Amino acid sequence: MNKKQNYYFQTDLILLFLGFVIISLLAIYNAQQIDQNNTNFVIRQIAFFGIGVCFVAAVQFIDLEQLYRGSIYIYLGGVFLLGLLLISPDAIAREINGANSWFTLPGLSIQPAEFAKMSTILFLAATITKHKEKIEVQTIKTDIKLLLKLIIFTLIPVGLIMLQPDFGTSMVYLFIAGMMIILSGINWKIIVSLILGLASLGAAVIGVIIRFPQFAIDVLGVASYQVDRIMTWFDPSQQSADATFQFERSHMSLGSGQLFGKGMSGLEVQYPEAHTDFIFSVIGESFGFIGSAIVIFLYFMLLYRLVTLGLSIYKHSPFGTYFCFGFLSLMLVHVFQNIGMTIGIMPITGIPLLLISYGGSSVMSTMLGLAVVYRVAVEHTIQNDYLFK
């Protein structure tokens, strides 16, 4: 194998990806036992991963400089799809679970918000990089200018997603933007003021929902099911059996797996969305504490690799660094929220466990993000090879 071929063989990322694929397919296979339809989700998930691998291969023909220059057009494409979704007829954008979030095509549903996450991360990374290239001396004024840019570029897709409405996905965008703002090097006084302001606002909104749920529905426009989820998260003992059904079933499923789980084809606890939102509960029941710990360890290794890769590529490509950190933020919020809701420390949302939950849009969009990360790793390897020749 020659040097050029070695550049494109990133062993650690490949092994991590294979680990996620194996776990995903095993968990989805088990989840099918308690699903109410006859769809073979395993075969479809394999197809989604296959398309994702094609994305990874295709992106390797594009260097980071080209992605940097084209990020504005990719971002605008993502925003365009979000806007198009809102004005599309029911024939191709019908309401599912109370939200117009999908293009429903023959044999496939596509969620533009998932793909727009990657285009937004790409453009925010480019915005930070371009700002730092232009600014010779960092001041409070220049930091505020960068902050406003990042907020505006984030709120455009967030606003379109809130109109669907999809509150959970909107919060993911805001978390990613917040993490990228913190890591962009903006003055810590501005960061602390922003965090305190947002924390106070968030606490106030949650407080209003808990104390005055009807007011939140009638005046603030919060959907009744969202109020139920927050109330269930805050105090499940005071809620109806219907409101706490998923919460209780998830706990029952995780606890019944004990240390080693019930193995393949041994699931006994039934609940909806087992192959998507509650796939971690399936893993807990099937493979126990050991299996759940392995999943968390895999995510830890991926996050660790993103940190080390982002730090090491900075001198060669700050854009690659900020994309790695943005993608890390995406993975972190999805893992924390999804696993958190299954164990009861977070409210229930429709946020999937990336690279494991079943879903065409989430798998393929995440693979697009991994494709860029893989390209960052390739360019880092090439750069190191040149440096030490």
Side-chain angles (χ1 to χ4, degrees), residues 1-25 28 42-71 73-75 77-78 81 105 107-108 110-112 114-123 125-126 298-299 301-303 305-306 308-310 312-313 316-317 319-324 326-328 330-331 334 352 354-386:
M1 187 177 290
N2 59 42
K3 281 281 187 182
K4 188 173 182 180
Q5 289 173 317
N6 280 327
Y7 297 149
Y8 293 94
F9 195 80
Q10 301 294 321
T11 307
D12 52 355
L13 291 175
I14 292 172
L15 290 177
L16 281 171
F17 170 67
L18 291 176
F20 282 116
V21 170
I22 291 170
I23 291 170
S24 175
L25 297 181
I28 292 171
V42 174
I43 298 299
R44 292 172 66 89
Q45 187 81 338
I46 291 172
F48 297 145
F49 277 125
I51 295 171
V53 170
C54 293
F55 289 161
V56 174
V59 170
Q60 305 320 303
F61 292 96
I62 310 171
D63 61 39
L64 292 178
E65 182 63 26
Q66 291 172 308
L67 287 171
Y68 172 50
R69 292 198 302 266
S71 61
Y73 305 108
I74 298 171
Y75 170 78
L81 287 176
L105 307 175
L108 180 66
I110 297 176
Q111 188 174 9
E114 291 295 324
F115 293 95
K117 287 176 187 174
M118 298 307 157
S119 62
T120 302
I121 293 172
L122 204 69
F123 187 54
L298 275 180
Y299 279 116
M301 292 303 297
L302 177 58
L303 296 176
R305 182 68 178 109
L306 289 169
T308 56
L309 179 59
S312 59
I313 196 69
H316 168 64
S317 174
F319 169 70
T321 294
Y322 291 119
F323 183 85
C324 285
F327 188 71
L328 179 149
L330 171 69
M331 297 299 301
H334 270 265
L354 294 184
L355 294 176
I356 293 182
S357 290
Y358 170 81
S361 294
S362 66
V363 169
M364 290 187 288
S365 63
T366 306
M367 291 297 292
L368 273 173
L370 274 180
V372 179
V373 170
Y374 201 94
R375 180 64 204 181
V376 173
V378 167
E379 292 202 16
H380 178 246
T381 304
I382 294 172
Q383 187 69 15
N384 279 348
D385 187 52
Y386 286 163

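Predicted model, so just to flag it, every value in this text is computed and none were measured.
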Problem - Rounded distance [0.5 Å steps], CZ in R305 versus CD in Q10 - result: 6.5 Å
Problem - Side-chain donor or acceptor of Y374 paired with backbone N/O of Y8 under 3.5 Å - result: yes
Exercise for the section: Any chance you could measure S357, atom OG, to I28, atom CD1, to the nearest 0.5 Å? Expected result: 7.5 Å
Handout entry: Distance-only polar pair, side chains of S317 and E379, donor-acceptor under 3.5 Å
Key = no
Problem - D12 side, atom CG; T308 side, atom OG1 - distance, nearest 0.5 Å - result: 8.0 Å
Problem - Any side-chain heavy-atom pair of S24 and L355 under 4.5 Å - result: no
Exercise for the section: Over all heavy atoms of both residues, which pair between V59 and R375 is shortest? Give the atoms and the distance, please. Expected result: O-CD, 4.1 Å
Handout entry: Nearest heavy-atom neighbours spanning L309 and A377
Key = CD1-CA, 3.8 Å
Exercise for the section: With the side chain counted from C-beta on, respond yes when E114 and K117 share a heavy-atom pair under 4.5 Å apart, and no when they do not. Expected result: yes
Exercise for the section: Please check if the side chain of Q60 supplies one atom and the backbone of A57 the other of a donor-acceptor pair under 3.5 Å. Expected result: no
Completion exercise
For F55 and A371 the tightest heavy-atom approach is O-CB, 3.9 Å
Practice task
For side chain to side chain contact (heavy atoms under 4.5 Å, CB included), just list the numbers for F327 and V372, CA-CA rounded to whole Å, side-chain angles, deciding distance to a tenth of an Å, and then say yes or no.
Solution key: CA-CA 9 Å; F327 188 71; V372 179; over 6 Å; no
Problem - Shortest non-hydrogen contact from S362 toward G359 - result: OG-O, 3.4 Å
Handout entry: Spacing of I74 atom CD1 and M118 atom CE [to the nearest 0.5 Å]
Key = 12.5 Å
Problem - CA sep, side-chain torsions, deciding dist, call: F319, E65, side chain to side chain contact (heavy atoms under 4.5 Å, CB included) - result: CA-CA 8 Å; F319 169 70; E65 182 63 26; over 6 Å; no
Problem - T321 side, atom OG1; I313 side, atom CD1 - distance, nearest 0.5 Å - result: 6.5 Å
Handout entry: Distance in Å, L303 CG paired with M331 CE, rounded so as to fall on 0.5 Å steps
Key = 6.5 Å
Practice task
Report yes if some heavy atom in the side chain of V363 is under 4.5 Å from a heavy atom in the side chain of F49; otherwise report no.
Solution key: yes
Practice task
Looking only at non-hydrogen atoms, find the nearest pair between S71 and L122 and report the distance.
Solution key: CB-O, 4.0 Å
Donor-acceptor list for residues 14-23 side chains, cut-off 3.5 Å, not counting sequence neighbours:
none

